[in-house]
Every structure is written in C-alpha cells, then in structure tokens.
Amino acid sequence: MLKLTQVQTHYGKVRVLNEVSLTVGDSELVTLIGANGAGKTTLVRTISGLVRVTSGELSFNNERIDRLSPSDIVVRGIAHCPEGRKVFKDLTVLENLIMGAYARGRKIDLQSELEEVYKYFPRLKERKNQKAGTLSGGEQQMLAIGRALMARPKLLLLDEPSLGLAPIIVDEIFEIITDISKKGTAILLIEQNVNLALQVANRGYVIENGRIVQQGSAVELSESPQVVEAYLGG
C-alpha cells in the first residue's frame, strides 16, 4: 500500500530524513520508534505532503504521490492525525468532524458517517455542540482521530496519540486504534510509549538521526537488546 524508497528531506540545508525506506501493507498496523528529534514527525509530514521530498520516491497504491499537494494526498486515502491534536478550537465538535469529510465532496451520507465515528467515541456525540477548545485533552485527541476517520482513509497516520494523556484515557484510545486496524484501516503509528506501541503493532521500524537502523516484527523488536536498552527501560 504505502512505500517509501530512499526518501530524503531537508529543512533548508539541514537533512532530516536520510534515505528512509519503509512499507505499510493493507490493514497493517506499523509503528515507528525513535527518540525526540529522530525524524518521526517529519516522516509522517512527508507522507502527507506537508514536507517535500528532496530525493527518493513515495508511492501509495502503486501511484507516486510525493509530487502531489496535501489535499490530493487526502483524496487518495491518507489521513494525518498530527501530534498535539490540533483541533479547530473555535469550532464545535460537530463542525470539526464535518471538516474531516470536506475532501470527499457532497456525495456522502454525512449523518451515517458521523454515527460511525460516534460508535468509537460516544463522548463526541454528547458534546457535538460544544466548542472543541473547551474539551479535555483526551476528548480533543478523540476528536482529532474522529476527524481523520471522517475522511474514510485507507491509511491513517497517527502522531503521538497518547501524548499528555492520563493512563486510563490512553488505554481507551489504544483499544479504539486496535479496533480501527482490525476493521481494515492500515495505520502508521508514532508513539512515545514504545512498549504499548509494540503490543498493538504488527511490525515496526527504529529511526535514529533520520535513518532507519532496525526493523522487524513487533515481537522481534520487543526482544531486541538495542530496543530494550534504548526504549524499554533496559
């Protein structure tokens, strides 16, 4: 489904991604592991078109997409749920969700789509007329994921969904992420809680200084001495 081949990106003259190659298959849940500043967020921003590829190729369903605009990439079936939630705080919950479906045009059953999201996040239905900026952090994260799902993505990019949330909310959100994956949506997950990410993922990659240095099944990575020492508390 998704394929990056020797991708490099720069911020000005600074190279951030260094010949990154990775894949995400149909219905796979793949996690990307790395320290702060390793290039994880830049990688998902590159996939969604917010950062331009300097060299290499990025393809989705056998179509090259690294020259497309972010809006065209959304139309192809990739939705990005960014780090820090970034909901439209002055819009209501309902308005935020409707914005998620904007790229799909008018030929959709909007109410049916909303009800699908509300099945995952009942609290969003309860607060649909409430301004997003007044929600709790956990509710804003639910809204950000729900908004991305309104695009009906084939691939969902999740950047740090547990950041700053209470453990009970994290558990709830990860149950939903697992369910979304089981229902057929491919997911590329960046997550600070590496242990939790490896529990739900099929496969994973380790990125250091913008370069992929290790890859394997979630089980293989969780048993890797290098991963255990660097990310799982030794």
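It should be emphasised that the depicted structure is a prediction, and the values quoted were computed from it without experimental measurement.
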**Stepwise side chain to side chain donor-acceptor pair (under 3.5 Å) check, Glu139 with Ser136** = CA-CA 5 Å; Glu139 289 164 345; Ser136 69; 3.3 Å; yes

Taking the side chain as every heavy atom from C-beta outward, state whether [X] and [Y] have any pair of such atoms under 4.5 Å apart.
{"X": "Met150", "Y": "Glu116", "result": "no"}
{"X": "Val170", "Y": "Phe174", "result": "yes"}
{"X": "Ile145", "Y": "Phe121", "result": "yes"}
{"X": "Val200", "Y": "Leu29", "result": "yes"}
{"X": "Gln140", "Y": "Val87", "result": "yes"}
{"X": "Val213", "Y": "Glu208", "result": "yes"}
{"X": "Ile180", "Y": "Thr178", "result": "no"}
{"X": "Gln199", "Y": "Asn195", "result": "yes"}

**Prompt:** Strictly by modelled atom types, are Arg15 and Gln8 linked by a side-chain donor-acceptor pair under 3.5 Å?
**Reply:** yes

**Request:** Give a yes or no on whether a salt bridge exists between Glu172 and Arg123, defined as a side-chain N under 4.0 angstrom from a carboxylate O.
**Result:** yes

**Prompt:** Does a salt bridge link Lys3 with Glu57, judged by any charged N lying under 4.0 Å from a carboxylate O?
**Reply:** no

Let me confirm one number: the [atom1]-[atom2] distance from [X] to [Y], rounded to the nearest 0.5 Å.
{"X": "Thr92", "Y": "Leu97", "atom1": "OG1", "atom2": "CG", "result": "8.0 Å"}
{"X": "Phe60", "Y": "Leu2", "atom1": "CZ", "atom2": "CG", "result": "7.0 Å"}
{"X": "Arg127", "Y": "Thr134", "atom1": "CZ", "atom2": "OG1", "result": "9.0 Å"}
{"X": "Leu22", "Y": "Leu4", "atom1": "CG", "atom2": "CG", "result": "4.5 Å"}
{"X": "Ile187", "Y": "Leu157", "atom1": "CD1", "atom2": "CG", "result": "10.0 Å"}
{"X": "Leu124", "Y": "Met142", "atom1": "CG", "atom2": "CE", "result": "7.5 Å"}

Got a sec: does the [atom1] of [X] have more than 12 other heavy atoms crowding it under 6.0 Å?
{"X": "Asp179", "atom1": "CG", "answer": "yes"}
{"X": "Arg76", "atom1": "CZ", "answer": "yes"}
{"X": "Arg52", "atom1": "CZ", "answer": "yes"}
{"X": "Lys89", "atom1": "NZ", "answer": "no"}

If I compare all heavy atoms of [X] with all of [Y], which pair ends up nearest, and what's the gap?
{"X": "Leu158", "Y": "Cys81", "result": "CD2-CB, 3.6 Å"}
{"X": "Val24", "Y": "Ala186", "result": "CG1-CB, 4.1 Å"}
{"X": "Tyr231", "Y": "Ile207", "result": "OH-O, 4.3 Å"}
{"X": "Thr9", "Y": "Thr54", "result": "CA-OG1, 3.4 Å"}
{"X": "Leu221", "Y": "Gly216", "result": "CD1-O, 4.0 Å"}
{"X": "Leu43", "Y": "Leu17", "result": "CA-CD1, 3.8 Å"}

**Item:** Under the side chain to side chain contact (heavy atoms under 4.5 Å, CB included) test, residues paired with Ala197 that sit two or more places apart
**Value:** Thr31, Leu189, Glu191

